[in-house]
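Convention: sequence-line order gives letters A, B, ...; per-chain numbering from 1.
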Amino acid sequence: MDEQTRLMHSHTGVGMAGHPGLPQHMQDSTGGTDGDGRKQDIGDILQQIMTITDQSLDEAQARKHALNCHRMKPALFNVLCEIKEKTVLSIRGAQEEEPQDPQLMRLDNMLLAEGVSGPEKGGGSAAAAAAAAASGAAAAENSTEHSDYRAKLTQIRQIYHTELEKYEQACNEFTTHVMNLLREQSRTRPISPKEIERMVNIIHRKFSSIQMQLKQSTCEAVMILRSRFLDARRKRRNFNKQATEILNEYFYSHLSNPYPSEEAKEELAKKCAITVAQVSNWFGNKRIRYKKNIGKFQEEANMYAARTAVNAANASSHGSQANSPSTPNSAGGYPSPCYQSDRRIQ
DNA sequence: ATGTATGATTCCGG
DNA sequence: CCGGAATCATACAT
């Protein structure tokens, strides 16, 4: 009995206790029709927004328009504004520091120095002149290589400029495109002018990084060209006939001491239109090669001896010179060159 | 294609 | 730094 009452009580108690829940349930239920509908509505809108990119352009346009006119739009817009307000603050902190890439500056400087990015005409010739000076070559000599170098440099410059222009144009196009897009979108989502500006900056940065690649490869090309040009020193060109004659004349007429002084070298260099270093090279080579095989040079020695004799002696002395220079001093004896010719020229 | 001539470069000793 | 010697790399001749 007790039990029963207790149970009953408890039951009623439970029942009574359970009662307050009823209104909630009822509220839930009744409000549910309305709330569910709204949720459904919002969910639907969000779904439409999320899938709008999957649709065809026309469809998407229509959908967009529909959304734009939707009664929920202002509310959603406000929500977006709020979200934006918060996220933008966090984004703003983590941006805007562009320390003018030192590498980019280096590249720019180099391109300017090489006359690629500088003023058209002057830059090129200046660079060529600089290269010529660097190579230390005589002016009159390898002018063909100069023009070659200049032509290639011009080619590089042209490519560089057209590419740069292309990039510039593409960048501008893309920027205006994006700006239009953003402006249009600003009707449906909150976009401040500042953000547009930021976006433009981002685009510009991207494009300038692309430009940097161009600059880098251009620099590379110039460097390669330059090294080739400088290495062309190694690409030997024989001296012209006149120069070798002058040098040989001096060599065989100073066979006893074929070491021209600095002044003599300078004079020879001037007469042969080559550098003093080249004169030194020539004498170095000549001495060692003459010494190594005197026999081979005998004929040459005779010839120059004869010629200089004729030149020097002119009308006064005559006759007996042609034979004698053939020094019988055939073997070895390299430290003591045949002074014979030397003597007779004197 | 091969060999030789030749200008330039490199290494080394003084 | 200069010159000798060896070597490289190409021009030139065959």
Between atom CG in A:N240 and atom C1' in B:dT6, what is the gap in whole Å? 14 Å
Of the nucleotides B:dA8, C:dG3, C:dA11, which one has an atom closest to the side chain of A:F239? B:dA8
Ignoring hydrogens and angles, answer whether the base of C:dG4 and the side-chain atoms of A:R289 contain a donor-acceptor pair closer than 3.5 Å. no
Taking N and O atoms by type only, does the side chain of A:N285 place a donor or acceptor under 3.5 Å from a partner on the base of B:dA8? yes
In this structure, how many angstroms lie between the P atom of B:dT6 and the NZ atom of A:K241, rounded? 10 Å
Sequence neighbours excluded and cut-off under 3.5 Å, please list the side-chain donor-acceptor pairs for residues 164-181 of chain A, or say none.
unit_1 : atom_1 : unit_2 : atom_2 : d
A:K166 : NZ     : A:E163 : OE2    : 3.0
A:T175 : OG1    : A:C171 : O      : 2.6
A:T176 : OG1    : A:N172 : O      : 3.2
A:T176 : OG1    : A:E173 : O      : 2.8
A:N180 : ND2    : A:T176 : O      : 3.3

Within this structure, what is the CD-to-P distance between A:E299 and B:dA5, rounded to whole angstrom? 12 Å
Is there a side-chain contact between A:R287 and the phosphate of C:dG4, meaning an N or O under 4.0 Å from OP1 or OP2? yes
In this structure, how many angstroms lie between the P atom of C:dC1 and the CZ atom of A:F283, rounded? 21 Å
What pairs meet the salt bridge (Lys or Arg N to Asp or Glu O under 4.0 Å) rule with one or both residues in residues 267-287 of chain A, with sequence neighbours excluded? A:K286-A:E300
Report which part of the nucleic acid A:K286 touches: base, sugar-phosphate, or nothing (heavy-atom distance under 4.0 Å, all strands). nothing
Look at A:K292 and C:dG4 and indicate whether a side-chain polar atom (N or O) is within less than 4.0 Å of OP1 or OP2. no
Any heavy-atom pair between the side chains of A:E245 and A:N248 that's under 4.5 Å? no
Tell me the interatomic distance from A:Y259, atom OH, to C:dC1, atom C1', rounded to whole angstroms. 16 Å
A:W282 CH2 to B:dT9 P, in whole Å, measures 18 Å
For a quick test of reading the model: is some side-chain N or O of A:K296 closer than 4.0 Å to OP1 or OP2 of B:dT4? no
Report yes if a side-chain nitrogen or oxygen of A:N281 is closer than 4.0 Å to either non-bridging phosphate oxygen (OP1 or OP2) of B:dA8; otherwise report no. yes
Specify the separation, in whole Å, of atom NZ of A:K265 and atom C1' of C:dC1. 11 Å
Whole-Å distance between C:dA11 P and A:R237 CZ? 8 Å
Distance-only, no hydrogens or angles: does the A:E195 side chain make a donor-acceptor pair with backbone N or O of A:S192 under 3.5 Å? yes
Donor-acceptor under 3.5 Å (A:Q298 side chain, A:G295 main chain): no
